[in-house]
Structures are given as C-alpha cells and as structure tokens.
Visitor: 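One structure, as structure tokens, below. Some questions next.
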There are 2 protein chains.
Amino acid sequence: MRYALDHKAQTHQRIVKEASMRFRRDGIGATGLQPLMKALGLTHGGFYAHFKSKDDLVEQALSHALDNVKGITSDVFARQDSLSEFIDLYLSIASRDAEDGGCPLPTMCLELGQRDQPSMTTDKIILHLLEQFDKPLAENGLESKSLPVLSALVGGLALARSAFDEELSQRILDTTREYLKKEIKKSTN
Amino acid sequence: MRYALDHKAQTHQRIVKEASMRFRRDGIGATGLQPLMKALGLTHGGFYAHFKSKDDLVEQALSHALDNVKGITSDVFARQDSLSEFIDLYLSIASRDAEDGGCPLPTMCLELGQRDQPSMTTDKIILHLLEQFDKPLAENGLESKSLPVLSALVGGLALARSAFDEELSQRILDTTREYLKKEIKKSTN
DNA sequence: TGTACATCAGTGAACGCGCGTTCACTGATGTAC
DNA sequence: TGTACATCAGTGAACGCGCGTTCACTGATGTAC
C-alpha cells in the first residue's frame with residue numbers, strides 16, 4: 001500500500017483534533033469543513049471518507065475535547081491547591097484569548113443547547129469538572145460549592161470575552177478569580 | 001400619503017424588536033434576514049430601506065436589548081429583596097427556555113466577542129447590571145460581589161442550556177440560584 | 001521477471017441551498033395646475 | 001373638478017458567495033498469474 005497501515009486513522013485523528021480546536025475557538029457554525037480540511041493540507045472531498053456528516057465530526061470533536069479536559073484535570077488535580085490553580089488557569093488572559101480553543105463550554109454553550117442530535121458529551125464534561133472540584137472542596141466540607149464555582153468560571157470567561165473594553169474584560173477575570181479563590185478557602189478561616 | 005406619518009418609523013421599530021428577540025434566542029449568525037422580515041409580514045427587499053446592513057441592525061437590536069434590561073431592572077430593583085428576586089428570575093426555567101429571548105449575554109457571548117465592528121453596547125449592559133447589583137449589596141458591604149454574582153448568573157444559565165439531561169440542567173439552575181441567594185445575605189448572619 | 005488487476009486515501013468539479021445585498025419596479029397617495 | 005406628476009414604503013427577482021454534501025475519478029501501491 002501507498003500509505004502506512006495507520007495512515008487513514010492518523011488523518012482521521014488530525015481532522016478531529018483540528019476541528020475540536022476550531023469548534024471551541026470559533027464555534028461550530030462558524031467552522032467550515034472546506035477551510036478545516038485545507039488547513040490540514042487536504043481537500044474537502046475526502047472528508048466523507050472519514051465522517052458520516054458534520055454532526056458526526058462534532059460528536060467526535062466533543063469527545064476529543066472531553067479527553068483533553070480530562071488530561072488537564074488529571075494534571076492539575078494531582079497537585080496541592082489544585083482547585084485554586086485550576087481557577088487561575090481557567091480565568092487567565094491566555095485562556096480568554098484561547099488560540100488553542102480552551103474549554104468548550106463558554107464558546108459553545110449556545111450551539112450545544114441547540115443541536116438537533118444532542119449528545120451526552122457536554123453533560124459528561126460538566127460532570128467531570130464537578131467531580132474534580134468536589135474532591136478538594138470536600139476536604140473543607142464545601143462540596144456544595146462545586147456547581148456555583150463552575151457557573152462563575154464559565155460565566156466569567158464568557159463575559160470577559162464579550163466585553164469590548166480591555167480594562168473591563170480584565171476586571172471581570174480578576175474579580176471573579178479572586179472571589180472564587182477566597183471562596184473555596186473560606187471555611188479554613 | 002398612503003401611510004401614517006410614523007408608519008415607517010413603526011415598521012423600523014417592529015424589525016428591531018423582532019430581531020432583538022431572535023438574536024437573543026437563536027444567536028446572530030443563526031438569524032436570517034429573510035425569515036425575520038417574513039415573520040413580520042414583509043419582504044426581505046425592504047430591509048435596506050431601514051438599515052445600512054445586518055451589522056447595523058445588530059447594533060440597534062443590542063441597544064433595544066439594553067433598554068429592555070433597563071426596563072426590567074428599574075422594575076425589580078425598586079422593590080425589597082431586589083437582588084434575590086432578580087436571581088430567582090434570571091435562573092428560572094422560563095428564563096432558561098427563553099422563548100422571548102431573555103438576557104443577551106449568555107446567548108450571544110461568543111458572537112459578541114467576535115464581531116468585526118464591535119460596539120460598547122455589551123459593555124453598557126454588563127456595567128448597568130453591575131450598577132444595579134451594587135446598590136442592594138452595598139447595604140451589607142458586599143458590593144465587591146457584584147461581578148462574581150453576574151458571572152455565576154450568566155454561566156449558570158449558559159450551562160443549564162448546554163446540559164442535555166433535564167435533571168442536570170435543573171440542578172445547575174437550583175444549586176447556583178440557592179448559592180447566590182445565600183451568598184448575598186451572608187454578612188447579615 | 002513482467003503484465004493485468006484490485007485496493008483505497010485522497011482529489012476536485014459539481015449539486016442545491018440559504019445567506020446578505022442590490023435594484024428596477026409597483027401602486028397608493030398627496031400635490032400642481 | 002380633472003389630469004399629470006412626484007413621493008416613497010414596500011416588492012420580488014437576481015447577484016455572488018460559502019456552506020454541507022455527492023461522486024466519478026486519480027494514481028501510487030500491493031497482489032495474481
């Protein structure tokens with residue numbers, strides 16, 4: 001054969017990875033298949049040798065994003081002050097400007113709720129994050145705060161991206177971040 | 001003249017109002033001008049007698065949304081327990097399913113940050129809400145919580161809309177809501 | 001060893017569709033003479 | 001009073017464009033005989 005045995009599988013994965021990044025960065029609707037394939041040095045015609053439809057790709061890209069999130073959390077939540085560190089990471093300028101896509105939740109919140117053929121992957125991402133938050137919070141008996149913390153993280157990032165004024169945007173990130181970090185340590189006072 | 005003197009101005013306002021609702025409910029990209037005009041009993045050709053471009057309409061619809069928000073807050077924040085009531089309203093099932101569009105922030109967070117020709121209207125909406133929150137919070141010396149409260153509201157609604165499982169969605173609304181209401185009363189304990 | 005054939009990842013032209021936008025036109029009205 | 005004209009909100013066909021999707025094809029490879 002002209003190609004290595006896993007060549008097609010590798011191409012498949014390259015498409016999923018690039019799509020995952022673009023969906024998170026630009027949204028699903030704003031990501032065209034033609035530019036996506038072109039960015040990988042392929043032509044758009046080959047797309048349907050890999051995926052049943054764009055929706056099929058969305059589903060696989062979401063799964064990839066979930067794996068991504070799991071990779072990050074398994075890193076961060078192995079350490080001390082894990083949640084505090086995660087909050088710093090999540091509400092950073094780099095995260096807001098997310099050239100790499102970042103968390104799928106703030107970007108795709110609208111489109112995820114509107115998909116015709118919904119999947120449980122979004123729920124899995126939410127539940128996975130809550131589960132990670134639970135552990136460090138439970139040490140202080142604060143596990144009931146997992147969900148409010150996640151809400152504030154997602155909302156803070158979404159707002160920081162919406163704001164046009166750079167100073168306001170930073171204030172949103174900073175104030176939300178510092179509040180949350182204080183909040184998760186409160187019972188230790 | 002065939003039409004009343006303010007006929008065109010009225011049509012203009014009808015378009016802005018309908019667009020404002022659709023942009024908030026479906027997003028800007030997912031709202032077509034043709035279906036929008038048809039829903040008002042008009043043909044799409046007439047659109048450009050009222051607006052320079054779709055972007056022009058977006059700007060006017062955002063202004064309309066700001067006025068809308070101001071109307072609601074001037075109602076709610078005149079009363080007792082205003083912020084608590086606002087939180088109940090914001091994180092309700094009706095608000096989540098928002099047939100009327102609801103708050104522009106959770107729906108449009110992505111698109112607002114990506115517009116080519118950005119405007120200050122989003123910032124005005126954010127600042128207006130923060131200002132409203134400040135007053136009742138300041139009574140308890142909690143005005144520093146305005147921003148985290150807004151983040152959690154926006155994020156909670158966005159997450160509740162993203163979740164596929166109805167039970168999870170309700171849990172997001174309920175937990176975030178109860179947490180915030182407890183939080184804004186904390187210093188009175 | 002050499003020719004004929006099967007495989008198959010990827011190619012690129014073409015499809016119908018809805019988008020935002022343009023524009024010549026309609027038709028009911030008020031105005032001029 | 002009656003005809004000719006100007007006004008102007010709204011009409012609807014048409015434009016180019018990018019979208020998701022389809023499909024006949026290419027061309028380098030391994031296999032059969």
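Letters A, B, ... mirror the listed sequences (proteins, then strands); counts begin at 1.
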Visitor: Before accepting this row, confirm whether a basic side-chain N of the pair E18(B)/R22(B) lies closer than 4.0 Å to the acidic partner's carboxylate O.
Guide: yes
Visitor: Atom NZ of K54(B) and atom P of dG18(C): how far apart are they, to the nearest Å?
Guide: 15 Å
Visitor: Where the side chain of Q34(A) is defined as all heavy atoms beyond and including C-beta, which of dG12(C), dG12(D), dG20(D) is the nearest nucleotide?
Guide: dG20(D)
Visitor: Considering only heavy atoms and no angle criterion, is a donor-acceptor pair shorter than 3.5 Å present between the side chain of H44(B) and the base of dA13(D)?
Guide: yes
Visitor: Quickly, which of I126(B), L127(B), I125(B) forms a side-chain contact (heavy atoms from CB on, under 4.5 Å) with L129(B)? Name it, please.
Guide: I125(B)
Visitor: Taking CE from M37(A) and C1' from dA13(C), how many angstroms apart are they, rounded to a whole number?
Guide: 16 Å
Visitor: Which comes earlier along DNA chain D counting from the 5' end, the contact point of G46(A) or that of I28(A), where each point is its nearest nucleotide?
Guide: I28(A)
Visitor: If we ignore angles and hydrogens, is there a donor and acceptor under 3.5 Å between the side chains of T176(A) and S151(B)?
Guide: yes
Visitor: According to a strict under-4.0 Å criterion, is T11(A) in side-chain N/O contact with OP1 or OP2 of dG10(C)?
Guide: yes
Visitor: May I ask which nucleotide in the shown strands pairs with dA4(D), Watson-Crick or G-U wobble, both distances under 3.5 Å?
Guide: dT31(C)
Visitor: Does OP1 or OP2 of dC8(C) have a side-chain N or O of H7(A) closer than 4.0 Å?
Guide: no
Visitor: Taking any heavy-atom pair under 4.0 Å as a contact, classify G32(A): base, sugar-phosphate, or nothing.
Guide: sugar-phosphate
Visitor: From the set dT11(D), dC19(D), dT21(C), return the single nucleotide nearest to any side-chain atom of L42(B).
Guide: dT11(D)
Visitor: Taking pairing as Watson-Crick or G-U wobble with both contacts under 3.5 Å, can you name the mate of dG18(C), or confirm there isn't one?
Guide: dC17(D)
Visitor: Whether the side chain of D26(B) engages the backbone of T31(B) through a donor-acceptor N/O pair (distance < 3.5 Å, no angle test) should be reported.
Guide: no
Visitor: How many Å lie between NZ on K38(B) and P on dG10(D), as a whole number?
Guide: 18 Å
Visitor: dG10(D), OP1 or OP2 - any side-chain N/O from H50(B) closer than 4.0 Å?
Guide: yes
Visitor: Could you tell me the separation between the CZ atom of F47(B) and the P atom of dG18(C), rounded to a whole number of Å?
Guide: 19 Å
Visitor: It should be established whether Y48(B) places a side-chain nitrogen or oxygen under 4.0 Å from OP1 or OP2 of nucleotide dT21(C).
Guide: yes
Visitor: Considering non-hydrogen atoms only, spot the tightest contact between P106(A) and R161(A) and give its length.
Guide: CB-NH1, 3.8 Å
Visitor: Pairing check on dT26(C): which nucleotide meets the Watson-Crick or G-U wobble criteria with it, both distances under 3.5 Å?
Guide: dA9(D)
Visitor: From dC19(C), dT21(D), dG20(C), pick the nucleotide closest to the side chain of L33(A)?
Guide: dT21(D)
Visitor: What nucleotide, of dG10(D), dT11(D), dG10(C), holds the atom closest to the side chain of T43(B)?
Guide: dT11(D)
